[in-house]
Amino acid sequence: MNDHSSDTLEKVLAQLHVHPLSIVWQDKVSYGLSEMVPGQRQLAVFAPADAPLLDSFDGELTTILTQPVLLGPLNAHNAAALRRQLAWLKPVVLGLGTSAGFGDRLGMATPGHLRAVLAVGGHIAPIPAQQSIREMTRTGRSPQQVLDDAMWGVFAEGWRNGFGADADHLKTLADIDRCLAAGYTFYTFDPGEHVDNTADSASLPNLRTKFAALPWDRLEDTPEALLARYLKVPLDIEGQIISFDETALVRAAIKYGRAIAHVSEMYWHLARVGVGQSWEVEVSVDETELPTTHAEHIYFATELRRLGVQWVSLAPRFIGRFEKGVDYIGDLAAFSADFAVHAAIARVLGPYKISLHSGSDKFSIYAIAAQETRGVVHLKTAGTSYLVALQTIGQLDPVLLREIYAFACEHYTEDRASYHVSAQLDHALAPAAVTDATAPTLLEQFDAREILHVTFGSVLTAQTPAGGKRFYDAMMALLRSHPDAYATNLSAHFLRHLRPFAPYSQAK
């Protein structure tokens, strides 16, 4: 490109308000994210008018100051076409390095997330595309939309250090297929529905019946062989001696045996259909009623490994309460002692990362988790980015937030059913008592925060009598018109999450 054309292109970039960080120069073609009208972003592709490459993209070809430019929508077709040209926009596997997952229910949070990662040194591997199938259903989004929204954020920020895409809390083989087709690289298997939470309290006669009824063929095992393996000698976990008696082992097998069989089925399905693609697996048993004991962790991990399952991270159910969007509730000293052994088990039987699910806003335990795992840890957050969006809306349009909060209170009783939360409506600030002045601080109140957290699906899909979206359109228009306000609030919030992990976050 000669000096004249380069000078012309710079003027065109300015005229189109192309985000500076998004600009890419490659093989005499330039790409960028244009925003001539606040909140209305477009893909801009600068190439000779007869370049075959332009046929790959949707959009309109025009000429500005003699410079041909194609302006196209941020749709799935253009996202796929851009990934074919810019390899760093494809998600990758992340391995054992310190990582953080950033759920994004609105599809706009990636810039703020990446700015926080960069602010703590850039070594924490980000997963900006992360949403459970449950959340996708409640927000009306598809796996492809979630991944593409994150990719556009990566493109806007010029992030080229690699990122992951988490197909979160998958429960069925069909879930795997949908996410594999979209290009995900991180698969979180959730066998929680197959965990038998009655095992800890079952009577001895009932235990015998349940033990005999386990799916031994799917486990490729027999009761006699299982007992022989675990009752021989205690296991030394970095000086912590953990042993099984027969009753404890039988309870562990009943509690987790069917879950292990389900994870194995999901893993080998992914191995078959995912041939030729890069992927890694996380296993989660965090959404169960009772904590995972150290012996149960050993049993669970050992049996998965025996069945050939390979995973990069595991999320046990820890002691204490990991409620949505609020800090850890429980005895910190007890948590620290318990967590230290889980981290040691992951080193001895792995190595694999310990994963902190429902990890949003658990500020009191981050330093413990980072230190005890020595950085071999994954932090998974979800709804807190939505709460930051509501906080931003409260700053920009308190009337809208007050309306959302009143609606959320009406739907809380129903929406809380599938979440571990303890907020009570009679403890929360009454909607009528929220003023324009207090609306921005509403998210600081425990009960109001959890109420807003778990009602996101109802809020985002609520309709007007005419069939429009009651809140969603206004929320998105406001945030798109003030992207830096949202990104700044997100970055500040996630700095508190990431700073404790940063000293341990060098590549593993």
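The first residue in the sequence is number 1, and the count goes up from there.
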> Are Val281 and Met266 side-chain neighbours, meaning at least one heavy-atom pair lies under 4.5 Å?
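Answer no - side chains too far apart.
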> Show the nearest heavy-atom pair for residues Ala182 and Gln144, with the distance to one decimal.
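Answer, listing the atom of Ala182 first, then Gln144: CA-OE1, 3.2 Å.
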> A quick test of your reading: do over 12 heavy atoms of other residues, nucleotides or ligands sit less than 6.0 Å from CD of Gln26?
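Yes, the 6.0 Å shell around CD holds more than 12 heavy atoms from other groups.
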> Could you tell me how the ring of Phe494 sits relative to the ring of His113: parallel (under 30°), tilted (30 to 60°) or perpendicular (over 60°)?
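Rings of Phe494 and His113: perpendicular, as their planes differ by over 60°.
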> Do the non-hydrogen side-chain atoms of Leu54 and Leu61 ever get within less than 4.5 Å of each other?
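They are in contact (side-chain heavy atoms under 4.5 Å apart), so the answer is yes.
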> Just by modelled atom types, is the Thr110 backbone N or O under 3.5 Å from a matching donor or acceptor in the Glu157 side chain?
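No; zero donor-acceptor contacts below 3.5 Å.
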> Would you find a donor on one side and an acceptor on the other, under 3.5 Å apart, between the side chain of Tyr184 and the backbone of Arg178?
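Pair absent, no side-chain N/O of Tyr184 close to backbone of Arg178.
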> In the structure I gave you, are the side-chain heavy atoms of Tyr486 and Thr488 within less than 4.5 Å of one another anywhere?
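Contact flag for Tyr486/Thr488 side chains = no.
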> Pick out which of Lys171, Arg317, Lys380 makes a salt bridge (Lys or Arg N to Asp or Glu O under 4.0 Å) with Asp190.
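Of Lys171, Arg317, Lys380, salt bridge (Lys or Arg N to Asp or Glu O under 4.0 Å) with Asp190 is met by Lys171 alone.
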> Checking side-chain polar atoms at under 3.5 Å, does Ser34 have a donor or acceptor matched by the opposite partner on Gln42?
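Ser34 vs Gln42: no donor-acceptor pair found between side chains.
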> Write down the atom of Leu43, the atom of Phe155, and the distance for their closest heavy-atom approach.
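That closest heavy-atom pairing would be CD1-CE2, 4.0 Å.
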> Out of the candidates Asp7, Leu65, Val18, only one should pair with Val12 under the side chain to side chain contact (heavy atoms under 4.5 Å, CB included) rule; please name it.
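Among Asp7, Leu65, Val18, the one that satisfies the side chain to side chain contact (heavy atoms under 4.5 Å, CB included) with Val12 is Leu65.
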> Give the ring-plane orientation class for Phe322 versus Phe318, where under 30° counts as parallel, over 60° as perpendicular and anything between as tilted.
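Geometry flag for Phe318 against Phe322: tilted rings.
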> Any side-chain to backbone donor/acceptor pair from Arg402 onto Val434? Under 3.5 Å, distance only.
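Yes; judged by distance alone, with no hydrogens or angles, the pair exists.
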> Take Val69 and Leu16, measure what side-chain contact (heavy atoms from CB on, under 4.5 Å) needs, and give me the verdict at the end.
CA-CA 10 Å; Val69 55; Leu16 293 177; 4.1 Å; yes
> Rounded to the nearest 0.5 Å, what separation is found between the OH atom of Tyr352 and the CD atom of Gln310?
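So the gap between those two atoms works out to 13.5 Å.
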> State whether a side-chain donor-acceptor pair under 3.5 Å links His411 with Thr455.
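Checked: His411/Thr455 side chains show no N/O donor-acceptor pair below 3.5 Å.
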> Determine which pairs satisfy ring pair (Phe, Tyr, Trp, His ring centres under 6.0 Å) with at least one residue from residues 431-480, sequence neighbours left out, and list them in order.
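For residues 431-480: Phe407-Phe471.
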> Using the side-chain hydrogen bond (donor to acceptor under 3.5 Å, both in side chains) rule, take Thr438 and Thr435 through it: C-alpha gap first, then chi angles, then the decisive distance, then the call.
CA-CA 5 Å; Thr438 60; Thr435 67; 3.1 Å; yes
> Keeping to residues at least two apart or across chains, list the side-chain hydrogen bond (donor to acceptor under 3.5 Å, both in side chains) pairs with something in residues 69-84.
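The answer is Asp58-Asn75, Arg83-Asp148.
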> With a 3.5 Å distance limit and no angle check, can you tell me whether His482 reaches the backbone of Leu478 through a side-chain donor-acceptor pair?
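Answer holds: yes.
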> In terms of side-chain geometry, is the basic nitrogen of Arg141 or Asp104 positioned less than 4.0 Å from the acidic oxygen of its partner?
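The answer is no: the pair does not qualify as a salt bridge.
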> Is the backbone N or O of Glu444 less than 3.5 Å from a side-chain atom of Thr441, with the two atoms forming a donor-acceptor pair by type?
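Not at all, since once roles are kept as given, no pair shorter than 3.5 Å links the two residues.
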> Taking atom OG of Ser358 and atom CG of Asp286, what is their separation to the nearest 0.5 Å?
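Between atom OG of Ser358 and atom CG of Asp286 there are 5.5 Å.
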> Within the supplied structure, the quantity of interest is the number of heavy atoms (other residues, nucleotides, ligands) at a distance under 6.0 Å from Gln277 CD; does it exceed 12?
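Yes.
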> Check whether the ring centres of Tyr366 and Phe363 lie less than 6.0 Å apart, and answer yes or no.
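They qualify: ring centres under 6.0 Å apart.
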> Say you draw a straight line from NZ of Lys362 to OG1 of Thr381; how long is it, rounded to the nearest 0.5 Å?
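These two atoms lie 10.0 Å from each other.
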> To check you understand the geometry: which heavy-atom pair defines the closest contact between Pro111 and Met108, and what is its length?
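In terms of heavy atoms, the two residues are closest at CD-O, 3.6 Å.
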> Between His169 and Tyr187, is the ring centre distance below 6.0 Å?
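Ring centres of Tyr187 and His169 not closer than 6.0 Å.
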> Does any non-hydrogen side-chain atom of Val459 lie less than 4.5 Å from one of Tyr386?
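Side chain of Tyr386 against side chain of Val459, heavy atoms only: contact under 4.5 Å found.
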> How many angstroms lie between CD in Glu193 and OG1 in Thr288, if you round to the nearest 0.5 Å?
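Answer rounded to 0.5 Å: 12.5 Å.
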> Do Val388 and Gln391 make a side-chain contact, defined as non-hydrogen atoms from C-beta onward lying under 4.5 Å apart?
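Contact flag for Val388/Gln391 side chains = yes.
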> Is a donor on one side and an acceptor on the other found under 3.5 Å between the side chain of Ser278 and the backbone of Thr185?
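Side chain of Ser278 to backbone of Thr185, a donor-acceptor pair under 3.5 Å: no, none is there.
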> Looking at Thr63 and Thr66, would you say the former's side chain and the latter's main chain have a donor-acceptor pair under 3.5 Å?
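Side chain of Thr63 to backbone of Thr66, a donor-acceptor pair under 3.5 Å: no, none is there.
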> Can you check whether Asp361's main-chain N or O pairs, donor with acceptor, with His497's side chain at less than 3.5 Å?
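Answer holds: yes.
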> Can you confirm whether the side chains of Arg105 and Gln131 place a donor and an acceptor under 3.5 Å from each other?
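Checked: Arg105/Gln131 side chains show no N/O donor-acceptor pair below 3.5 Å.
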> What's the shortest heavy-atom distance between Gly274 and Trp279, and which atoms?
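So the minimum-distance heavy-atom pair works out to O-NE1, 3.2 Å.
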> Among Ser313, Pro91, Cys179, which one satisfies side chain to side chain contact (heavy atoms under 4.5 Å, CB included) with Phe186?
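Testing Phe186 for a side chain to side chain contact (heavy atoms under 4.5 Å, CB included) against Ser313, Pro91, Cys179 leaves exactly one candidate, Ser313.
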> For Gly95 and Val312, work out which heavy atoms get closest and say how close.
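Between these two residues, the closest heavy atoms are O-CG2, 3.3 Å.
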> Do Leu74 and Leu33 have side chains that approach each other closer than 4.5 Å (heavy atoms only, starting at C-beta)?
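Yes, side chains in contact.
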> Hey, what do you get for CG (Leu180) to CG (Leu170), rounding to the nearest 0.5 Å?
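Reported value, rounded in 0.5 Å steps: 10.5 Å.
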> Do the side chains of Leu114 and Phe163 get nearer than 4.5 Å, heavy atoms only?
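Sidechains of Leu114 and Phe163: no contact.
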> Is the closest side-chain donor-acceptor distance between Asn161 and His123 under 3.5 Å?
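No, no side-chain donor-acceptor pair sits under 3.5 Å.
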> Within the distance-only criterion (no hydrogens, no angle test), does the side chain of Gln40 pair as donor or acceptor with the backbone N or O of Val37 below 3.5 angstrom?
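A pair under 3.5 Å: no.
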> With sequence neighbours left out, what residues match Glu450 under salt bridge (charged side-chain N to carboxylate O under 4.0 Å, His left out)?
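Checked Glu450 against salt bridge (charged side-chain N to carboxylate O under 4.0 Å, His left out); zero matches.
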> Taking atom types as modelled, is there a side-chain donor on Glu287 or His357 under 3.5 Å from an acceptor on the other?
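The answer is no; no qualifying pair exists.
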> Under a 3.5 Å distance rule, please check whether Arg416 uses its side chain to pair with a backbone N or O of Val421 as donor and acceptor.
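It does hold such a pair.
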> Kindly compute the distance separating CG (Asp327) from OG (Ser360), expressed to the nearest 0.5 Å.
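With rounding to 0.5 Å, CG (Asp327) is 11.5 Å from OG (Ser360).
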> Does the pair Ser30 and Val24 meet the rule for a side-chain contact (heavy atoms from CB on, under 4.5 Å), with working shown?
CA-CA 5 Å; Ser30 300; Val24 181; over 6 Å; no
> Is it true that Asn489 and Thr392 share a donor-acceptor pair across their side chains at a distance under 3.5 Å?
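A pair is found: one side chain offers a donor N or O, the other an acceptor, under 3.5 Å apart.
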> Kindly confirm or rule out a cation-pi arrangement of Arg134 over Tyr419, judged by NZ or CZ under 6.0 Å from the six-membered ring centre and within 45° of its axis?
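Judged by the rule (NZ or CZ under 6.0 Å from the ring centre, within 45° of its axis), Arg134 counts as positioned above Tyr419.
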> Would Lys353 and Ser99 count as a side-chain hydrogen bond (donor to acceptor under 3.5 Å, both in side chains) here? Give the steps.
CA-CA 9 Å; Lys353 292 187 279 193; Ser99 54; 2.7 Å; yes
> Only one of Ser418, Ser132, Ser458 passes side chain to side chain donor-acceptor pair (under 3.5 Å) with Arg138; say which it is.
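Among Ser418, Ser132, Ser458, the one meeting side chain to side chain donor-acceptor pair (under 3.5 Å) with Arg138 is Ser418.
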> For a quick test of reading the model, state the closest non-hydrogen atom pair linking Gly359 to Leu379 and the distance between them.
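For Gly359 versus Leu379, the nearest heavy atoms are O-CD1, 3.7 Å.
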> Please examine the side chains of Phe57 and Gln85, heavy atoms only from C-beta on, and report whether any two atoms are closer than 4.5 Å.
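Sidechains of Phe57 and Gln85: in contact.
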